[in-house]
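Everything numeric here is computed off the predicted structure, so don't read it as measured data. Residues take their numbers from the sequence shown, with the count starting at 1.
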Amino acid sequence: MNAREKAAAYLSRGSKTRWQVIKYLRDKGYDESDIEDAVSELMEYHFIDDLNFSKMYFELGFDKGRGALRIKRELSEKGVDQDIIEEALSELEEVPDQYEMAMEIGGKVVSDYDLQALDYNEKQKLMAKIVRKLAGRGFSADVSYSVAKSLVNR
């Protein structure tokens with residue numbers, strides 16, 4: 001099986017970035033010229049399209065309640081160029097409001113607590129818990145702290 005066929009078989013299992021396909025073919029032992037030819041051909045026919053992949057990845061990530069920072073980091077780890085990541089985000093028709101998404105996620109954390117019964121130290125611990133949860137989901141520090149503060153100090 002040549003490099004193009006192997007890459008096409010790999011792509012048949014799901015969309016991949018250019019970097020992921022190159023890495024896969026390298027791991028399979030193909031030489032660089034064959035890899036470059038195969039990837040170029042697949043890009044020409046839009047079987048590999050980092051911009052489209054990034055747009056879909058943003059939409060999926062937002063649907064899963066992830067923040068933009070986490071999605072950007074994951075795309076970068078998949079080898080997508082930073083300019084393409086920014087272009088994909090700017091081209092999305094609908095980008096959910098990060099503050100509203102964070103309020104929804106943070107609200108679920110707070111719903112388990114009786115805020116009136118908490119003392120100052122317990123409220124600080126709860127705020128830290130909310131911030132950790134939101135930071136792990138990829139929300140910026142300013143959004144995370146703002147949400148935690150508004151939820152705990154109602």
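In terms of hydrophobic clustering, with Ile, Leu, Val, Met, Phe, Trp and Tyr side chains grouped at heavy-atom distances under 4.5 Å, Met43 and Tyr30 are assigned to a common cluster. Note: the hydrophobic cluster containing Val80 does not contain Leu69 (ILVMFWY, side chain heavy atoms under 4.5 Å, direct or indirect links). Val39 and Leu51 end up in different hydrophobic clusters when Ile, Leu, Val, Met, Phe, Trp and Tyr side chains are linked at under 4.5 Å. Side-chain heavy atoms closer than 4.5 Å link hydrophobic residues (I, L, V, M, F, W, Y) into clusters, and following such links, even through other members, never connects Met56 to Ile85.
Judged as a side chain to side chain contact (heavy atoms under 4.5 Å, CB included), and not counting sequence neighbours, the contacts of Glu104 are Lys108.
Crowding of Lys55 atom NZ: a count of heavy atoms from other residues, nucleotides or ligands under 6.0 Å exceeding 12. The neighbour count for Tyr145 OH, taken as heavy atoms of other residues, nucleotides or ligands under 6.0 Å away, does not exceed 12.
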task: Take Glu122 and Asp119, measure what side-chain contact (heavy atoms from CB on, under 4.5 Å) needs, and give me the verdict at the end.
output: CA-CA 5 Å; Glu122 291 169 327; Asp119 66 22; 3.3 Å; yes
field: Residue pair Tyr113, Lys123: steps toward the side-chain hydrogen bond (donor to acceptor under 3.5 Å, both in side chains) verdict
entry: CA-CA 10 Å; Tyr113 294 89; Lys123 284 185 176 184; over 6 Å; no
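Applying the side-chain hydrogen bond (donor to acceptor under 3.5 Å, both in side chains) test to pairs two or more places apart or on separate chains, those with a residue in residues 135-144 are Ser140-Asp142.
Judged by distance alone, with hydrogens and angles left aside, the side-chain atoms of Ser12 form a donor-acceptor pair with the main-chain N or O of Ala9 at under 3.5 Å. Listed for the Glu41 side chain is no donor-acceptor partner under 3.5 Å among the backbone atoms of Ala38.
With a 6.0 Å cutoff to the six-membered ring centre and a 45° limit on the axis angle, Lys16 counts as a cation-pi contact of Tyr10.
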